[in-house]
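Positions are given from 1 along the sequence.
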Amino acid sequence: MRFNIDGKMLQQQLSAVNKVINSKNALSILDNFLFELEGSKLTITGSDQENTVKAKLEVMDSDGVGKIALPAKTLLEITKEVSSQPVNFRLNEQTGEIDLEFLNGKFRFMGVNADEYPKGDNIEGDSQSFDVPASVILKGIENTVYAVSQENIRPIMTGIFWDIHEKEIVFVSSDTHKLVRYITREVSPGFERGFIMPSKPANILKGIIGKEGIVNIKIGEKGASFTFGDFTLICRFIKGNYPNYNRVIPTDNPYIVTIDRVSLLNAMRRVAIFASKASNLVKMEMQPGIMRLAAQDLDYGTSAEERIMCDYDGSEMTIGFNSSFTVEILNNMGGDTTVIKLSDPARPGIFQPMVQEPETDLTIIQMPMQVIE
């Protein structure tokens, strides 16, 4: 098996595929890339058993058909050093030795029998397929992945719920402290279905998908494949039924605050420096035209407060929020102006951009904290 390839192109594809490979694997074979050559097409595969990424490349002067598993760390280090020049790849199929030749020298190392590499999941059975603009998926993941739970006590909360309807897709995530619901009507799948995508493949997809082009999504019983350009990502779903997210979003929060998002974000960051490290509690005191942020740490005898101009004409109210979560929400929301809808200090607050993007609806709720005067 032999072929020539541009070193930079190879290095870029390897870096993308490497995102799925764990630093420590239960199966040592998963420390490797799988190379498969067929004609002028080279397929590079990486896997962690649950998720698989495949990249296809055009090669030159190819000779032979075959496959071999190659050590990922070694290959990444090699290609990084010779990425500015073409490389010639040669496999001795009898010994498993690899020669990687470049302009002024060559590397020699050993491959691993490709038959040991897991075959991965095929999306078969009762599958459904549809095309989605890459930008739609990218926005859906970016708006929700930060809010997934980091605790494995409830596995279904550690992923993004794709609630697919005939004329819209709803992306949902929650760690029980905050919940994000992002609705996009930029695509009409034409059927009803739902699945929970783990955060790891969601982040991988976000990292390599780009903003242009079309993604073909094929949904099976246990997993889905996402094919775009030269890449295919295959992931398994998280088993279980996602909670009824609409039921926890308040429908009657009459007190509305309109405020500059960046001003609130920066003020919250400053005041949070003096919040209790145990709770991160920052009090949000609402008065007509003014929002007052206040925090204190009784253990160290420190406190901070800051006033921000806002548009508010409701009754005076004080509500407490975990500042870390509020900063995370404001940082990921985007837009110039934020609308906060409140009801009373014991009920969740709703955060939304004042101007929603066309054909979308972003709603974020945050659970309040008890404020002791």
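Between D48 and K200 there is a salt bridge, since a side-chain N of the basic residue sits under 4.0 Å from a carboxylate O of the acidic one. At a threshold of 4.0 Å, the pair E97-R90 does not count as salt-bridged, since none of the basic side-chain nitrogens sits closer than that to a carboxylate oxygen. Using a 4.0 Å cut-off between charged side-chain N and carboxylate O, K56 and D230 make no salt bridge. With salt bridges taken as basic N to acidic carboxylate O contacts below 4.0 Å, none links E36 and K41.
The number of heavy atoms from other shown groups lying within 6.0 Å of CE (M317) is above 12. The local environment of NZ in K206 is crowded, with over 12 non-hydrogen atoms from other residues, nucleotides or ligands closer than 6.0 Å. Within a 6.0 Å sphere centred on CD of Q370, heavy atoms belonging to other residues, nucleotides or ligands number 12 at most. The number of heavy-atom neighbours closer than 6.0 Å to CG of D336, taken from other residues, nucleotides and ligands shown, is 12 or below. The environment of CE in M309 is sparse: at most 12 heavy-atom neighbours from other residues, nucleotides or ligands sit within 6.0 Å.
Note: T74 OG1 to D31 CG = 10.0 Å, rounded to the nearest 0.5 Å. Separation of atoms OG1 (T326) and CE (M268) is listed at 4.5 Å; rounding is to 0.5 Å. Between the OG1 atom of T258 and the CE atom of M291 there is a distance of 10.0 Å, given to the nearest 0.5 Å. Within the model, atoms CG of L30 and OG of S47 stand 5.5 Å from one another, a figure rounded to the nearest 0.5 Å. The OG1 atom of T337 sits 13.5 Å away from the CD atom of Q352 when rounded to the nearest 0.5 Å. Atoms CG and NZ, from L138 and K211 in turn, are 7.0 Å apart once rounded to the nearest 0.5 Å.
Contact detail for S279 and N322: the closest heavy-atom pair is O-ND2, 3.4 Å. Taking every heavy atom of both residues into account, I196 and P198 meet most closely at O-CD, 3.6 Å. The minimum heavy-atom distance between F231 and A55, with the atom names listed, is CE2-CB, 3.6 Å. Counting all heavy atoms, side chain and backbone alike, I319 lies closest to F321 at CD1-CZ, 3.6 Å.
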Indicate every side-chain donor-acceptor pair of residues 232-241 with a distance under 3.5 Å to a residue at least two apart or in another chain.
unit_1 : atom_1 : unit_2 : atom_2 : d
T232   : OG1    : T227   : OG1    : 3.4
R236   : NE     : D121   : OD2    : 2.5
R236   : NH1    : E50    : OE2    : 3.3

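Between D175 and M157, every side-chain heavy-atom pair lies at or beyond the 4.5 Å cut-off. Contact of the L265 side chain with the N331 side chain is registered, since non-hydrogen atoms from C-beta on lie closer than 4.5 Å. A 4.5 Å side-chain heavy-atom check between I217 and S129 finds every atom pair outside the cut-off. P189 has its side chain within reach of I169: a pair of non-hydrogen atoms, C-beta onward, lies under 4.5 Å apart. Within the 4.5 Å cutoff, the side chain of D61 has no heavy atoms near those of the F3 side chain. Contact annotation: the side chain of I364 never approaches that of L179 to less than 4.5 Å [non-hydrogen atoms, C-beta and beyond]. Put simply, the side chain of F351 does not reach to within 4.5 Å of the side chain of V257, judged on heavy atoms. Using a 4.5 Å heavy-atom cutoff, the side chains of L293 and K283 are not in contact.
Remark: side-chain polar atoms of R261 are paired, donor with acceptor, to backbone N or O of L330 under 3.5 angstrom. With hydrogens and angles disregarded, no donor-acceptor distance shorter than 3.5 Å links the side chain of D99 to the backbone of N88. Distance alone, capped at 3.5 Å, places no donor-acceptor pair between the N22 side chain and the N25 backbone. Looking at D297, its side chain never comes within 3.5 Å of a backbone N or O of S276 through a donor-acceptor pair. Here the side chain of N332 pairs a donor or acceptor atom with the backbone of E328 at under 3.5 angstrom. With hydrogens and angles ignored, the 3.5 Å screen pairs a side-chain donor or acceptor of Q85 with a backbone N or O of L103. Listed for the D6 side chain is a donor-acceptor partner under 3.5 Å among the backbone atoms of M9. Remark: the backbone N or O of R269 is not paired with any side-chain donor or acceptor of N266 at under 3.5 angstrom. In terms of modelled atom types and a separation under 3.5 Å, the side chain of N92 and the main chain of T95 share a donor-acceptor contact. When atom types are taken as modelled, the side chain of Q287 and the backbone of G314 share no donor-acceptor pair closer than 3.5 angstrom.
Q11 and S15 form a side-chain donor-acceptor contact under 3.5 Å, judged by distance and modelled atom types alone. A donor and an acceptor atom, one from each side chain of K67 and N113, are nowhere located under 3.5 Å apart. Side-chain contact of T184 with E186: a donor-acceptor pair under 3.5 Å is present, judged by distance alone. Y255 and D313 share no side-chain donor-acceptor pair at under 3.5 Å.
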**Report entry** CA sep, side-chain torsions, deciding dist, call: D63, M1, side chain to side chain contact (heavy atoms under 4.5 Å, CB included)
**Finding:** CA-CA 6 Å; D63 182 23; M1 186 169 95; over 6 Å; no
Query - Worked check of side chain to side chain contact (heavy atoms under 4.5 Å, CB included) between V180 and V172 - result: CA-CA 6 Å; V180 183; V172 184; over 6 Å; no
Query - Full working for side chain to side chain contact (heavy atoms under 4.5 Å, CB included) between N4 and V59 - result: CA-CA 6 Å; N4 291 331; V59 297; over 6 Å; no
Report task. Applying side chain to side chain contact (heavy atoms under 4.5 Å, CB included), run through V53 and I204 and close with a yes or a no. Result -> CA-CA 9 Å; V53 176; I204 292 172; 4.0 Å; yes
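Note: F161 and F195 fail the aromatic proximity criterion, with ring centroids not under 6.0 Å apart. Annotation: F35 is in aromatic contact with F89 [ring centroid separation under 6.0 Å]. Checked against the 6.0 Å centroid threshold, F102 and F107 count as a close aromatic pair. Aromatic pair W162/Y182: centroids not less than 6.0 angstrom apart.
Remark: E93 engages no residue in a salt bridge (Lys or Arg N to Asp or Glu O under 4.0 Å) (not counting sequence neighbours). Applying the salt bridge (Lys or Arg N to Asp or Glu O under 4.0 Å) criterion to R292, with sequence neighbours excluded, gives E285, E305.
At a threshold of 4.5 Å between side-chain heavy atoms, the hydrophobic network of Ile, Leu, Val, Met, Phe, Trp and Tyr places L37 and L100 in one connected group. Under the 4.5 Å side-chain heavy-atom criterion for Ile, Leu, Val, Met, Phe, Trp and Tyr, L27 and L70 are members of distinct hydrophobic clusters. Cluster membership check: I98 shares its hydrophobic cluster with L57, using side-chain heavy-atom separations under 4.5 Å among Ile, Leu, Val, Met, Phe, Trp and Tyr. I308 and Y312 fall within the same hydrophobic cluster, where Ile, Leu, Val, Met, Phe, Trp and Tyr residues are linked whenever their side-chain heavy atoms come under 4.5 Å apart, directly or through other members. The hydrophobic cluster containing V145 also contains V327, counting ILVMFWY residues as joined when their side-chain heavy atoms lie under 4.5 angstrom apart, directly or transitively.
Screening N143, I365, V170, T144 for a side-chain contact (heavy atoms from CB on, under 4.5 Å) involving R181 leaves a single residue, V170. Screening I208, N216, I214 against F228 for a side-chain contact (heavy atoms from CB on, under 4.5 Å) leaves a single residue, I208.
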